[in-house]
Structures are given as structure tokens and as C-alpha cells.
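Taking it in order: structure first as C-alpha cells, then the write-up.
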Amino acid sequence: MSDEIDEIFRRAKEGRALFVDRDALSPEYIPERLPFRDTQMNSVAEVLAPILHESKPSNILLYGKTGTGKTAVARRVLSKLQAEGKKNLVVSYVNTRLANTEYRSLAELGQSTGVQIPFTGLSIGEVVDRIFKEIRAKGIHVILVMDEIDYLVKTFGDGILYEFTRSGDRLAPGFLSLVGISNDLKFKEGLDPRVLSSLSEEELVFPPYTVDELRGILTERAHTAFRSSVASAAAINLCAAMAGSEHGDARRAIDLLRIAGEVAEREGLKEIDDSCIRRASDKMEHDRVEEAIRSLPVQNKAILLAVSKFRGGTNTGELYLAYTNLCRRAGIESLTQRRVSGILAELDLLGLIEASVVSKGRRGRTKRIQLLIGDETLGKTLSEDTTFGKNS
DNA sequence: CCTCCACTGGAAACCTAGGCTC
DNA sequence: GAGCCTAGGTTTCCAGTGGAGG
């Protein structure tokens, strides 16, 4: 036993030699220079520059799929802007999907402008009023970055965007400019035309990286992150190809390279080979699923567990029966079928199950439900939850 | 071509936890 | 502390429906 531990430590010590600066491959790392994004950086900088002579920059919308560098460009430009040392400038960054509700998105904006917002109890309108009041009173110049703004619009409508885009003189001498970041190229369709015209005074599209560009990015990062000869050109090619085959997602490519490096390190290898990369890719998928399950509310877990009882799929009625039984045994309240149907749709969206509506003619209409993940992953992750500890 | 099943999914009402003002 | 407010999750109610079997 202790031999094994010694062995792990020994390998870790040797392995450490693979990485020089692991952070260069972390998701938060933003390099000084963003390769292949000079045009976009300059454009954003040009749009925002007027703030340095006290006038309100146009609102700007950044479009592009995940991992095309939108967030990195926005952050980089804004941090340079902040470095200019302008006193009344406030840069607020909100990821609306992580904030999860309109209210919490606003609360984050409030935080950065210096308004304390209780985590519940106020109406949206009241929160907006308070923030606006603060901006006016202090003459603050706010640049609000709303990341994944399409999520906000899709789930809650454009209510607060409307407020923002029309805030105009209500804020003088302060002002608020929006930098919207969207993964969805079509999200404008659902927008009120007045909001749209104001929000997209300027627009910038981020094309997906080509495999060649990904290779360039990875090479640069690998250079800082690893010792020389750890990540061969062949390894980098494979990472770029695997991540790029779908949609030129740089984040995924970088994650893949980092995890492949970690795998190699753990194995005590001197360099990253193909099998490291393939295993890294499997691990990423596995981790994504585990994390998704772990963060589920109890009821959703129970439903997922009920789904897993049926090898080869089931339908709503049958599942609901199994689910209520399971709840009784686990000693938790069960929800109505209507709600379960809604939760099934959520689980479908997360990619944990597949639920599609099928009609069986005279025998009614239902959802065909199938588990998309492995039993062991599910069992292992759910057994951490004390509610389901024993059975399953 | 019509029926009719076993649900789906929209809408509204209800509930709880929390903050607000007075 | 009373009486108001809201968000978010859930329940209640119900009209709507695709298509196999008649």
C-alpha cells in the first residue's frame, strides 16, 4: 500500500517536469495577445474608446459560437481600458446563464456599481431603480458586459434590456453601455425592434477557428505551458483536429490539451501521445456528465434514477409509476405527472436522457424516454446523495 | 375517413421564503 | 409585528393532438 503511494508521489515529482506553467492552459487564462483576433480586438477597442473622453460608447453585440474568443476579447480589451486609470469607470461582467435569473444578473451589476441588493424580496423594477439612482448620483460610467445574453432573452424576455437601452438621460451625468455576448446567431429574432436597434448599434461576428488556427493557438499556449518536446506537433495536431472537427471551439481544444498533459503526467510519460489525448477526451465527457448529475435537485435525480431502471427505454406513464414507488421507498414527496413531464424536458436539454414525443395511435401519445449515460456513472454519482444511498 | 387513447404542454392559481415599509 | 410585495417552484385544470386500429 505505502509502496503504491510512494510510487504515485515519485511519478508526480517526475511528472511535474512536464508542466512549466499549467495556468496557461486554464479556462480563465487570457493571453496577452489573442492570435487571429486582432481585428475583433481593435474593433471593440474603437467602439469603447470614446469613454476616455467622457462620452457614451455605442452598445455593441458580439456574436459567435462557444470557444471563438468573444469573452476573451471582451475581457482583454476591458482590462486594458481599466488600466487607463479612469476614475469613474465601472466595468461589470455578468454571465447571465451562470447568474441564472434576471434578478441575480442585476444583483451582480449592483454589486459592481456599489449597491447592495438582497438576494430576494425586491421587484426587478426596484432593483433597476436603485442601480440607476446610484449611477446618476455618482456619475458613474458603466460598461456592462452581458455574457450569454441569448440565454437571458430566451428565458426571461427582453424586459431589462429594454430598461437599459432606454435609460439614456435618466442616468446623466452617468451612463451605461452594453457589451452583449451571444452564442446564438439567431437570438435577435425574438427581440423588441427598439431594443434591437439600440443594442446592436455595433455588431461583430466571431467566426469559428479553423483547424489551422486552433493549431496555432495550441502551439502558442503549449509553448508557455509545457517544457519543450512535451507536446509534439503531432499531438497538437490531434488536439486541434478533435476539438475543431465540430465547430472550432478553442476552449475545448485547450481543455483537451491540458487534460492530456495531466494524463501523461500521471502516467509518468515524457511526452503526450495519442492515447493520452483520447483518454483525455473520454474523461472530459465523463466529467461533464458527472457534474451535470451532481448539481441536479433531488427530484430530478430521483426521476433520472427511475429512468435508469428501464433498460432500453420507457414511456411517461410507466416511468411515473416507477418514480412514485421510488419516492415512497426513499421517503421523499413525489411530484405530479405534469411536473415530471417538465423535468424530463429539462433532463433532455442537459443531454442526460433522450425524450421524444411519439404517437402510438389508438394507444395514445407519450414520450419515448431513454437514458443516454452509463449506469455505473449514474449509480456512482447518485450514491453520493444520501437520499438514494442504499438502493439503486 | 373517423375515433379515441394517453398523454403533452399552455395558462393560471397556489405556496413558500424572503425583503420592504410603516 | 402586520401587511404588503416578489421570485421561483409546484399543482391544478384543461384544451389539443398524431396516428394505429377500426
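Order of the sequence lines sets the chain letters (A, B, ...), proteins ahead of strands, with each chain counted from 1. None of these values were measured; they are calculated from a predicted model.
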Contacts of type side chain to side chain contact (heavy atoms under 4.5 Å, CB included), residue A:A24, not counting sequence neighbours: A:D21, A:Y29, A:T224, A:A225
Residue-phosphate contact under 4.0 Å: A:S341 side-chain N/O, B:dC7 OP1/OP2: no
Partners passing side-chain hydrogen bond (donor to acceptor under 3.5 Å, both in side chains) against A:E54 (at least two apart in sequence or in another chain): A:K86
Atom pair distance, as rounded to whole Å: CG in A:L321 and C1' in B:dC7: 15 Å
Nucleotide of C:dT10, C:dA7, B:dG9 approaching A:Y103 most closely (side-chain heavy atoms): C:dA7
Whole-Å distance separating the CZ atom of A:R339 from the P atom of B:dA12: 18 Å
Give every donor-acceptor pair under 3.5 Å between a side-chain atom in residues 293-305 of chain A and any protein atom, sequence neighbours left out.
| residue | atom | partner | partner atom | Å |
| --- | --- | --- | --- | --- |
| A:R294 | NE | A:E384 | OE1 | 3.0 |
| A:R294 | NH2 | A:E290 | OE1 | 3.0 |
| A:S295 | OG | A:E291 | O | 3.1 |
| A:S295 | OG | A:A292 | O | 3.3 |
| A:Q299 | OE1 | A:Y323 | OH | 2.6 |
| A:Q299 | NE2 | A:E333 | O | 2.8 |
| A:K301 | NZ | A:D385 | OD2 | 2.9 |

Side chains of residues 73-85 of chain A: which donor-acceptor pairs under 3.5 Å do they make with residues two or more places apart or in other chains?
| residue | atom | partner | partner atom | Å |
| --- | --- | --- | --- | --- |
| A:R76 | NH1 | A:I30 | O | 3.3 |
| A:R76 | NH1 | A:P31 | O | 3.1 |
| A:S79 | OG | A:R76 | O | 3.1 |

Phosphate contact (B:dC7 OP1 or OP2) by A:N315 side-chain N/O below 4.0 Å: yes
For atom CD of A:E333 and atom P of B:dC15, their distance in whole Å: 14 Å
Which residues share a side-chain hydrogen bond (donor to acceptor under 3.5 Å, both in side chains) with A:N315, sequence neighbours left out: none
Contacts of A:F175 that satisfy ring pair (Phe, Tyr, Trp, His ring centres under 6.0 Å) - sequence neighbours left out: A:H141
DNA chain B contacts among residues 358-366 of chain A, heavy-atom distance under 4.0 Å: A:G361, A:R362, A:R363, A:G364, A:R365, A:T366
Rounded (10°) bend between the five-pair end axes of the helix from B:dC1-C:dG22 to B:dC22-C:dG1: 10°
Touch class at under 4.0 angstrom, heavy-atom based, for A:Q337 against every strand present: sugar-phosphate
Euclidean distance, atom CZ of residue A:R338 to atom C1' of C:dA15 [Å, nearest integer]: 13 Å
A:T336 vs C:dT10: side-chain N/O to OP1/OP2 distance below 4.0 Å: no
Option from A:L61, A:I60, A:V145 for which side-chain contact (heavy atoms from CB on, under 4.5 Å) with A:I181 holds: A:V145
Residue-phosphate contact under 4.0 Å: A:K367 side-chain N/O, B:dG9 OP1/OP2: yes
A:I343 CD1 - B:dG9 P separation (whole Å): 15 Å
Spacing of A:R368 atom CZ relative to C:dG19 atom C1', expressed in whole Å: 16 Å
Between C1' of C:dG8 and CG of A:N300, the distance in whole Å: 14 Å
Separation of B:dA6 P from A:I369 CD1 (nearest whole Å): 16 Å
Any donor-acceptor N/O pair, A:T219 side chain to A:R215 backbone, under 3.5 Å: yes
Listing, residues 364-374 of chain A side-chain donor-acceptor contacts under 3.5 Å, not counting sequence neighbours, or none:
| residue | atom | partner | partner atom | Å |
| --- | --- | --- | --- | --- |
| A:T366 | OG1 | A:T316 | N | 3.2 |
| A:T366 | OG1 | A:T316 | OG1 | 3.2 |
| A:K367 | NZ | A:S341 | O | 3.3 |
| A:K367 | NZ | A:S341 | OG | 3.4 |

